[in-house]
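What you are looking at is a predicted structure, and each value in this text was computed from that prediction instead of being measured. Letters go in sequence order (proteins before strands), and every chain restarts at 1.
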Amino acid sequence: MHIRGRPGELFTAYTADMPANADLSHIFEQMSKILELTGANPFRVNAHGKVARILADLTVDVSQLADDPAKLTAIDGIGEASAKKIVEYLKTGRVKERDELLKEIPKGLLEVMEIPGLGPKTVKLMWERAGVTDVETLKAKLNTGELAQLPRMGTKTVQNIKESIEFIALSGKRIRLGEALPVATQIVERLRGVKGTKQVECAGSLRRGKETIGDIDILASTANPEALSRAFQAMAGVVKVLAAGETKSSVRLDTGIQVDLRVIDEESFGAALMYFTGSKQHNVLMRERAIKKDLRLNEYGLFADADRETEAPQSRGARPVAARTEQEVFAALALPWVPPEIREDRGEFELTSTPNLIDLSDIKAELHAHTVASDGKMTIDQLALEAKARGFHTVAVTDHSKSSAQANGLSADRLRDHIQDVREANQRVKGITILAGSEVDILADGRLDYDDKLLAELDLVIASPHSALRQDPTAATKRLLKAIKHPLVHILGHPTGRLINRREGLQPDINALIEAAVECDTALEINANYLRLDLRDTHIRAAVEFGALLSINTDAHSPDHFDFLHYGILTARRGWLTADRCINAWSRQRLKDWLKSKR
DNA sequence: GCCGTTTTCGGCCCGACTGTTTTCAGTCG
């Protein structure tokens, strides 16, 4: 899935908020599930699931591609049949095949399939042989003992299903990056302290820096696997041990987070780290790549043995071609080392060298921070000293504007005084440049919250949406475009206003915003607060592709919020951002010149 | 259903763990 073009046309395609994309993705996902349940060809099931994923990742509105089916089939993974269904949906609002499929099963069964431990085979069996049609009938029949009569259905399985139902009722949602990473770091530290332990690393979607994660994956090598597994299962917060094998243990914490530990030989640590880091789709392509080279890739290494009829090579004592480090394995497959954050099957297999993605140490300026003047906890001086302690050359004071009354936004008069205070602080505090800025509300119609005369007095203007976050996409696009094109605006702050797991936010035509941002030399923010991560990874990728400037900011309200930068960096890396496109990584002078160019 | 630097047909990634079995199916990642 890698197509280039201009914004608004076909181009590398990555996620989006277009309703048609989301609807179609859901439809294909549903068809995949029903096909699986009715025992269709697994590859057909998989193909539908893949189309669902592609549609969810697309940044262009799929309806813009539908005038010519060739544009659709040009996308890797979408063939004639899927293209037809997409076109059918856009024309009629339905997909006939999906309607037919829905008639084949009780709708509640799809929900039953979501229960951990229950797959298509079991659900089908329970439906056909015990009359289970939804979660409610399942619950009832679990209690009557009726289900235990089914083949391969013992008391343990029944108990596990009961517990799984309770569990999804309690948690359900994926955990945010900023909530999972501190937990994982603590576990990794703890396991590193266990005697005999050699290496412990985080893998999975957490290592890839995804905005939300399903569970925490940890990899370790040790001279004493039993001790490590015991220590893992005995950790504070463990409420249930879900699995406890020789190489894999799995526990659930009181917070509802599931943590998996894999114990791996030192010799195959790299291969295993790669394998358990994923993504799934990236791994599939890596293994296919191995097969094409007459090699076989698994979590034990890359082996010179493509014969899948035989016993696994590691079981026969075969020596791997590469296994100890990820670098070795990538190199043996004629690939540069790919940073974990971009292992998503979004074009990484076309790389000829490791991209120089932005790093935490590149960031030299914080351009979005609040003080006690609005809703922050720091004084101007405290903010400046914290930024200085983080090694920054510049910090901007950007308190809220008057319409953000809930955040004690500054009236025009208060802002004038505040600017003066910042100027004085800039004289007083040595070793850092303090900019007088404002996070100005973008009103629902796109007007800004201060007049131009006042805005012109500021060194830096971030314009952000804070209200009317449910307006329709067309209005949202118009509103944000107006802010981007405003000659006094430097940065568009948290463009969609989304809150992960809590609020969808605006759904503007992101490509239109990017195009305008490039044209007007306005930077788009990557808000590093883990609740926001706005822009999101796929939007960043599109912005990077079209040469927009980006600004990674923590939106700090207190000193510890500076730590959010890590999440912003991970997200930026997922969007393939390099330091030269990020204004926070520029030198003091270059940044100053750029800010001046808008005055 | 999708795809093609040996293919328009015949393939499609790989292994661990659990619970039920007595040799393995189902699920998961």
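Taking side-chain N and O atoms only, A:Arg152 has no distance below 4.0 Å to OP1 or OP2 of B:dT23. OP1 and OP2 of B:dT5 both lie 4.0 Å or more from every side-chain N or O belonging to A:Lys292. Residue A:Asn160 places at least one side-chain N or O closer than 4.0 Å to OP1 or OP2 of B:dG19. Taking only side-chain nitrogens and oxygens, A:Thr157 never comes nearer than 4.0 Å to OP1 or OP2 of B:dT18. Distances shown here put every side-chain N or O of A:Ser250 at or beyond 4.0 Å from the OP1 or OP2 atom of B:dC17. Taking only side-chain nitrogens and oxygens, A:Tyr275 never comes nearer than 4.0 Å to OP1 or OP2 of B:dA16.
Here, B:dT5 and B:dG1 have their C1' atoms 24 Å apart, quoted to the whole Å. The same atom, C1', is picked in B:dT20 and in B:dG26; the two are 10 Å apart, to the nearest Å. Across B:dC17 and B:dT21, the matching C1' atoms stand 15 Å from one another, rounded to whole Å. Annotation: B:dA16 and B:dG11 have their P atoms spaced 26 Å apart (nearest Å). B:dC2 and B:dT8: their C1' atoms are spaced 12 Å apart (whole Å).
Straight-line distance from the CE atom of A:Met126 to the P atom of B:dA25: 20 Å, rounded to whole Å. The interatomic distance linking A:Leu242 (CG) with B:dA16 (P) rounds to 19 Å, in whole Å. As rounded to whole Å, 14 Å separates atom P of B:dG29 from atom CD1 of A:Ile216. Atom CG of A:Asp217 is separated from atom C1' of B:dC28 by 11 Å (rounded to the nearest Å). Rounded to a whole Å, the NZ atom of A:Lys33 is 17 Å from the C1' atom of B:dG1. For A:Asp260 and B:dT18, the CG to C1' distance is 14 Å, given to the nearest whole Å. At whole-Å resolution of the value, CD in A:Gln258 and P in B:dG29 are 7 Å apart. Here the P atom of nucleotide B:dT20 and the CD atom of A:Gln159 are 11 Å apart, to the nearest Å.
Closest to the side chain of A:Thr247, out of B:dG26, B:dG1, B:dC17, is B:dC17. When the nucleotides B:dC14, B:dG26, B:dG29 are ranked by their closest atom to the side chain of A:Thr122, B:dG26 comes out on top. With distances taken from any side-chain atom of A:Ala243 to the nucleotides B:dT18, B:dG29, B:dC3, the minimum falls on B:dT18. Side chain of A:Arg296, nearest nucleotide from B:dC2, B:dG29, B:dC14: B:dC14. For A:His48, counting side-chain heavy atoms from C-beta on, the closest listed nucleotide (B:dC17, B:dG15, B:dG1) is B:dG1. Out of B:dG19, B:dC14, B:dA16, the shortest distance to the side chain of A:Lys156 is found at B:dG19.
At a cut-off of 3.5 angstrom, the base of B:dG1 holds at least one donor-acceptor pair with the side chain of A:Asn41.
Here the rule is side chain to side chain contact (heavy atoms under 4.5 Å, CB included) with A:Ile115, and of A:Thr122, A:Asn160, A:Leu138 only A:Leu138 fits it.
Using a distance-only test at 3.5 Å, with no hydrogens or angles considered, a donor-acceptor pair links the side chain of A:Arg498 to the main chain of A:Arg532. In this structure a side-chain-to-backbone donor-acceptor pair under 3.5 Å is present from A:Thr277 to A:Leu273.
Residue-level contact check: A:Gly204 touches neither bases nor backbone, having no heavy atom under 4.0 Å from any strand. Here A:Pro120 lies in heavy-atom contact (under 4.0 Å) with sugar-phosphate atoms only. Using a 4.0 Å heavy-atom criterion, one finds that A:Ser205 contacts no nucleic acid atom at all. Within 4.0 Å (heavy atoms only), A:Lys280 reaches at least one base atom of the nucleic acid. Among the heavy atoms of the strands lying under 4.0 Å from A:Met153 are primed sugar atoms or P, OP1, OP2 only; no base atom is included. Counting any heavy atom pair closer than 4.0 Å across all strands shown, A:Pro42 reaches no nucleic acid atom. The residue A:Leu118 sits close only to the backbone: its heavy atoms come under 4.0 Å of sugar-phosphate atoms, none of a base. Residue contacts for A:Lys124: at a heavy-atom cut-off of 4.0 Å it reaches no nucleic acid atom on any strand shown.
Between A:Arg174 and A:Asp215 there is no salt bridge, since none of the side-chain N atoms of the basic residue sits less than 4.0 Å from a carboxylate O of the acidic one. Between A:Glu341 and A:Arg208 there is no salt bridge, since no side-chain nitrogen of the basic residue lies less than 4.0 Å from a carboxylate oxygen of the acidic one. With respect to the salt-bridge test (charged N to carboxylate O, under 4.0 angstrom), the residues A:Glu146 and A:Lys141 qualify. Using a 4.0 Å cut-off between charged side-chain N and carboxylate O, A:Glu545 and A:Arg541 make a salt bridge.
Judged by closest nucleotide on DNA chain B, A:Val45 is the one of A:Pro151 and A:Val45 placed further toward the 5' end. If A:Leu35 and A:Leu297 are placed on DNA chain B by their nearest nucleotide, the residue sitting closer to the 5' end is A:Leu35.
Applying the 90° cutoff around 0 to the glycosidic angle, B:dT7 is assigned syn.
If you check B:dT8 for Watson-Crick or wobble pairing at under 3.5 angstrom, you find it has no partner at all.
Counting heavy-atom neighbours within 6.0 Å of A:Lys156 NZ, excluding the residue itself, gives a total of 12 or less.
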